[in-house]
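Residue numbers start from 1 in every chain, and the chains themselves are labelled A, B, ... in the order their sequence lines are given, proteins ahead of strands. The analysis underlying the following values was restricted to heavy atoms, covering all of them including side chains, and did not include hydrogens, waters or symmetry mates. Since the model is a prediction, treat every value here as computed from it, not as a measurement.
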Amino acid sequence: MKLLVCISKAPDTTSKIDFTDNNTKFNEAGVQYIVNPYDEWYALVRALELKETLGGSVTTITVGNAGDDAIIRKALAIGADDAVRINAEANDAYYTAFQIAEYAKAGGFDIVFTGKETINYNGSQVGGMIAEIMGLPYISLAEKLDMNGSTATINREMKGGIEVVEVNTPFVISAAKGMAEQRIPNMRGIMAARTKPLQVVEPVACDELTTFTSYSLPPAKSACKYVDADNVAELVNLLHTEAKVI
Amino acid sequence: MSVLVYIDTLGGNIAKNAMEAVTYGSKIGSTTVVTNGPISNDALASLGNYGASKVLVDRSITVNDSSQITNLIATAVESTGADTVIISLDLTGRAVASRVSARLKAGLAVGAIALPEGDGHIKVNVFSGKAYGHVKINTAKKIIALTPNSIPVETTGGSAAVEDFNGNAGASTVIVKEVKKQEGDVLLPEAELVVSGGRGLKGPENWGMVEDLAKVLGAATACSRPVADIGWRPHHEHVGQTGVAIRPNLYIAAGISGAIQHLAGVNGSKVIVVINTDPEAPFFKAADYGIVGDAFDVLPKLKAEIEKFKAQN
Ligand SMILES: Cc1cc2nc3c(=O)[nH]c(=O)nc-3n(C[C@H](O)[C@H](O)[C@H](O)COP(=O)(O)OP(=O)(O)OC[C@H]3O[C@@H](n4cnc5c(N)ncnc54)[C@H](O)[C@@H]3O)c2cc1C
């Protein structure tokens with residue numbers, strides 16, 4: 001099977017979130033970038049497992065600049081065979097999806113994987129857009145994926161439970177928790193990753209459909225009001241009369 | 001402005017987040033709703049009460065297939081001439097909004113939490129609720145995916161005309177083999193009240209306290225990530241940056257330390273109550289109300305007090 005996994009960077013989950021340049025830019029000072037957890041823990045690892053049992057190859061694709069090579073090498077260290085980087089800033093989801101779809105079209109991939117969302121923009125957009133541009137089925141929020149020939153059986157999150165669905169390759173899937181277990185790269189993987197192919201491709205022309213023009217922070221929370229553990233009735237009273245939530 | 005709102009009614013009912021989306025649409029312009037559920041015309045006509053003037057329904061789409069629903073919405077956009085499409089960011093909306101954006105080459109603002117600002121920018125959640133982005137849509141047609149539970153439902157007393165509609169959906173690309181319904185009465189992503197437990201509850205056998213309190217409140221249950229990872233609770237209850245993000249009116253957290261990744265999934269809650277033995281637990285900094293105490297003692301007491309309160313009110 002030929003598998004393509006979309007890999008995005010994301011700021012480490014403990015990063016301080018603030019903005020510079022008159023609140024128009026994310027303040028990257030001191031921020032450590034990681035592989036977006038959904039891409040790494042679930043999408044990439046499940047793709048590797050399928051390759052290990054069924055044969056084939058796992059290619060990763062990233063829309064980003066040279067600064068992203070470190071997280072791409074991490075994905076290679078975990079076990080991907082080769083990587084592609086489209087040399088452009090991923091500022092808009094449609095632009096990003098268009099670049100990936102353009103590359104994937106010629107590649108003959110059986111499955112294109114994305115993570116459920118990135119943990120910085122939380123958009124859940126790229127997978128659906130790739131599917132639409134390529135005219136493929138799209139299964140989102142998948143927590144289990146098994147292959148039988150060219151037919152996939154997938155458990156996906158649905159309102160009020162889990163739906164088991166079948167779909168034929170080629171398709172696009174977004175991976176959520178449960179699809180695989182996180183893998184820690186070992187020394188051999190890290191060494192091998194240094195020499196695995198990382199192809200840099202120039203982007204094709206595409207409009208950005210949206211622009212983030214500025215950012216703001218939520219208002220600071222007012223101080224916590226403490227209630228004594230022996231006076232739980234007071235908490236119920238506050239929730240009713242002051243907070244008005246019960 | 002002409003607005004089209006897509007709502008998912010495949011469950012056979014109109015969910016609260018669908019009412020929110022219709023309310024949102026009607027504040028922007030004249031609103032038509034498009035849907036595909038096995039739902040009665042009377043129920044659909046009631047969408048007029050949230051501001052819809054017309055409802056288009058294609059009952060030939062019987063499974064949740066993002067390709068078919070995208071075809072339906074694109075056909076409805078063409079026939080109504082809508083310039084703005086509103087989709088609730090529920091599980092269906094997550095799959096559909098992005099496809100529709102690519103189909104129509106119309107910019108999509110994902111995770112809107114308020115009506116468009118004066119300059120047309122849309123305020124959305126970013127960094128897992130730790131910040132807001134102000135998004136400009138660069139195309140004439142605009143798509144907004146609305147975060148559930150971010151605006152109140154408003155009623156107008158109206159009724160909508162319901163029309164059968166051919167969405168040119170084509171064949172389904174997925175086959176549904178089985179549906180496994182989640183246990184419990186209240187679904188976490190749309191719950192207004194949530195009771196959540198962490199590693200401080202020591203083991204799955206102690207979750208009765210959480211469930212009992214949830215039951216008297218009519219709340220959903222949730223948990224921290226390690227609790228789901230060890231298998232004390234099912235994955236779909238895991239809230240946080242790498243789990244479900246929720247915005248209930250009330251979030252009660254017992255035995256959860258309040259790590260930054262946990263807070264990222266619950267910081268949209270209107271009111272947070274924290275119960276923790278450790279007065280230094282970081283969660284108290286994000287709490288509205290706190291009890292420094294043992295969850296094994298406080299949760300049953302709280303349940304008893306809520307029962308008393310319910311009996312009186
Ligand atoms: C990349 C990444 C992503 C992550 N994503 C998430 C996520 O999405 N969601 C998430 O929850 N976590 C996430 N985490 C994990 C997070 O960092 C914390 O480890 C986790 O939230 C801690 O869970 P906890 O509060 O249940 O357990 P602990 O940190 O062990 O805290 C238990 C708490 O219970 C209290 N306690 C003990 N006994 C009692 C008692 N009898 N009564 C009352 N209180 C008691 C203790 O004082 C303590 O505060 C992530 C971590 C990483 C690195």
Under 4.5 Å from a heavy atom of chain B, the part of A:Tyr121 involved: both
Residue part contacting chain B, namely of A:Ile162, when any heavy atom lies under 4.5 Å: both
Distance (rounded to the nearest 0.5 Å) between B:Arg99 CZ and A:Met129 CE: 11.5 Å
Donor-acceptor pair between B:Gln261 and A:Thr13 side chains, under 3.5 angstrom: yes
Distance, nearest 0.5 Å, that separates CD1 of B:Ile175 from CG of A:Asn168: 7.0 Å
Residues, nucleotides or ligands: over 12 heavy atoms within 6.0 Å of A:Asn22 CG: no
Pairs of heavy atoms under 4.5 Å with chain B: top-ranked of A:Glu157, A:Met158, A:Glu143: A:Met158
B:Lys270 atom NZ, over 12 foreign heavy atoms within 6.0 Å: yes
Contact leader toward chain A among B:Lys180, B:Glu192, B:His238, B:His121, where contacts are heavy-atom pairs under 4.5 Å: B:Lys180
Which atoms of A:Ile246 approach chain B - backbone, side chain, both or neither, heavy atom under 4.5 Å: both
Contacting moiety of B:Leu217, where chain A heavy atoms sit under 4.5 Å: side chain
Closest contact, heavy atoms only, A:Asn122 versus B:Ser128: OD1-N, 2.9 Å
Selection from B:Val110, B:Thr70, B:Leu89 maximising heavy-atom pairs under 4.5 Å formed with chain A: B:Val110
Minimum heavy-atom distance A:Leu136-B:Ser67, with the two atoms named: O-OG, 4.3 Å
Greatest number of heavy atom pairs closer than 4.5 Å to chain A - which of B:Asn64, B:Val179, B:Val298, B:Leu10: B:Asn64
Structural part of B:Ala106 lying under 4.5 Å from a heavy atom of chain A: backbone
Ion pair check, A:Asp18 and B:Lys130, cut-off under 4.0 Å: no
Among the listed options A:Ala131, A:Pro37, A:Ala176, the residue most often paired with chain B at heavy-atom distances under 4.5 Å: A:Ala131
Any B:Ile306 side-chain heavy atom under 4.5 Å of A:Val236 side chain: yes
Short side-chain donor-acceptor distance under 3.5 Å, B:Arg94 and A:Ser124: yes
Distance in Å, A:Leu239 CG paired with B:Leu302 CG, rounded so as to fall on 0.5 Å steps: 7.5 Å
Top of A:Ser222, A:Ala233, A:Cys224 for chain B proximity - count of heavy-atom pairs under 4.5 angstrom: A:Cys224
Contact origin within B:Val274 toward chain A - heavy atom pairs under 4.5 Å: neither
Nearest heavy-atom neighbours spanning A:Tyr215 and B:Gly133: CD2-CA, 3.9 Å
Most chain A-contacting option - heavy-atom pairs closer than 4.5 Å, from B:Ala286, B:Ala97, B:Ala109: B:Ala286
Largest heavy-atom contact set with chain A, pairs under 4.5 Å, which of B:His235, B:Glu190, B:Gln241: B:Gln241
Option that, when pairs with chain B are counted at under 4.5 Å, heavy atom only, ranks first among A:Glu242, A:Lys244, A:Arg156, A:Lys177: A:Lys177
Over 12 non-hydrogen atoms of neighbours within 6.0 angstrom of CD in B:Glu178: yes
Closest heavy-atom pair and its distance - A:Ser15, B:Ile260: O-CD1, 4.5 Å
Interface moiety of A:Phe98 toward chain B, non-hydrogen atoms closer than 4.5 Å: neither
Between B:Asn138 and A:Thr210: side-chain donor-acceptor atoms closer than 3.5 Å: no
Heavy-atom pair count under 4.5 Å with chain B, highest-scoring of A:Ser174, A:Ala229, A:Ser214, A:Ser140: A:Ser214
Separation of A:Glu208 CD from B:Ile137 CD1 (nearest 0.5 Å): 14.0 Å
Chain A contact via B:Val124 - side chain, backbone, both or neither, heavy atoms under 4.5 Å: side chain
Other residues, nucleotides, ligands: >12 heavy atoms within 6.0 Å of B:Lys16 NZ: yes
Proximity of A:Tyr226 and B:Tyr289 rings by center, below 6.0 Å: no
Contacting moiety of A:Glu181, where chain B heavy atoms sit under 4.5 Å: neither
Neighbour count >12 (heavy atoms, 6.0 Å) for atom CG, B:Asn313: yes
A:His240/B:Phe309 aromatic ring centres below 6.0 Å: yes
More than 12 heavy atoms from other groups under 6.0 Å of NZ on A:Lys105: yes
Short N-O contact, A:Asp230 and B:Lys301, less than 4.0 angstrom: yes
Nearest-0.5 Å distance, OG1 of residue B:Thr173 to CZ of residue A:Phe171: 11.0 Å
Part of B:Asn17 lying under 4.5 Å from any heavy atom of chain A: side chain
Distance, nearest 0.5 Å, that separates OH of B:Tyr132 from CZ of A:Phe212: 14.5 Å
Option in B:Lys177, B:Lys142, B:Lys123 with maximal non-hydrogen atom pairs under 4.5 Å from chain A: B:Lys177
Ion pair A:Lys159/B:Asp90, N-O distance below 4.0 Å: yes
Contacting region of A:Tyr38 [heavy-atom separation from chain B under 4.5 Å]: side chain
Closest heavy-atom pair and its distance - B:Gly243, A:Lys116: O-NZ, 3.2 Å
Toward chain B, the part of A:Leu235 with a non-hydrogen atom under 4.5 Å: side chain
Closest non-hydrogen atom pair between B:Ala131 and A:Pro218, with its separation: CA-CD, 4.1 Å
Chain A contact via B:Val174 - which portion, at a heavy-atom distance below 4.5 Å: both
Side chain / backbone / both / neither for A:Val227 at chain B, heavy atoms under 4.5 Å: both
B:Ile291 vs A:Asp228 side-chain heavy atoms within contact, under 4.5 Å: no
Structural part of B:Thr242 lying under 4.5 Å from a heavy atom of chain A: both
Exceeds 12 heavy-atom contacts within 6.0 angstrom, atom NZ of B:Lys285: no
Audit row: B:Asp288, A:Lys221, salt bridge (charged side-chain N to carboxylate O under 4.0 Å, His left out) steps and yes/no: CA-CA 8 Å; B:Asp288 298 282; A:Lys221 259 245 153 56; 3.0 Å; yes
Stepwise side chain to side chain contact (heavy atoms under 4.5 Å, CB included) check, B:Ser98 with A:Val126: CA-CA 7 Å; B:Ser98 54; A:Val126 170; over 6 Å; no
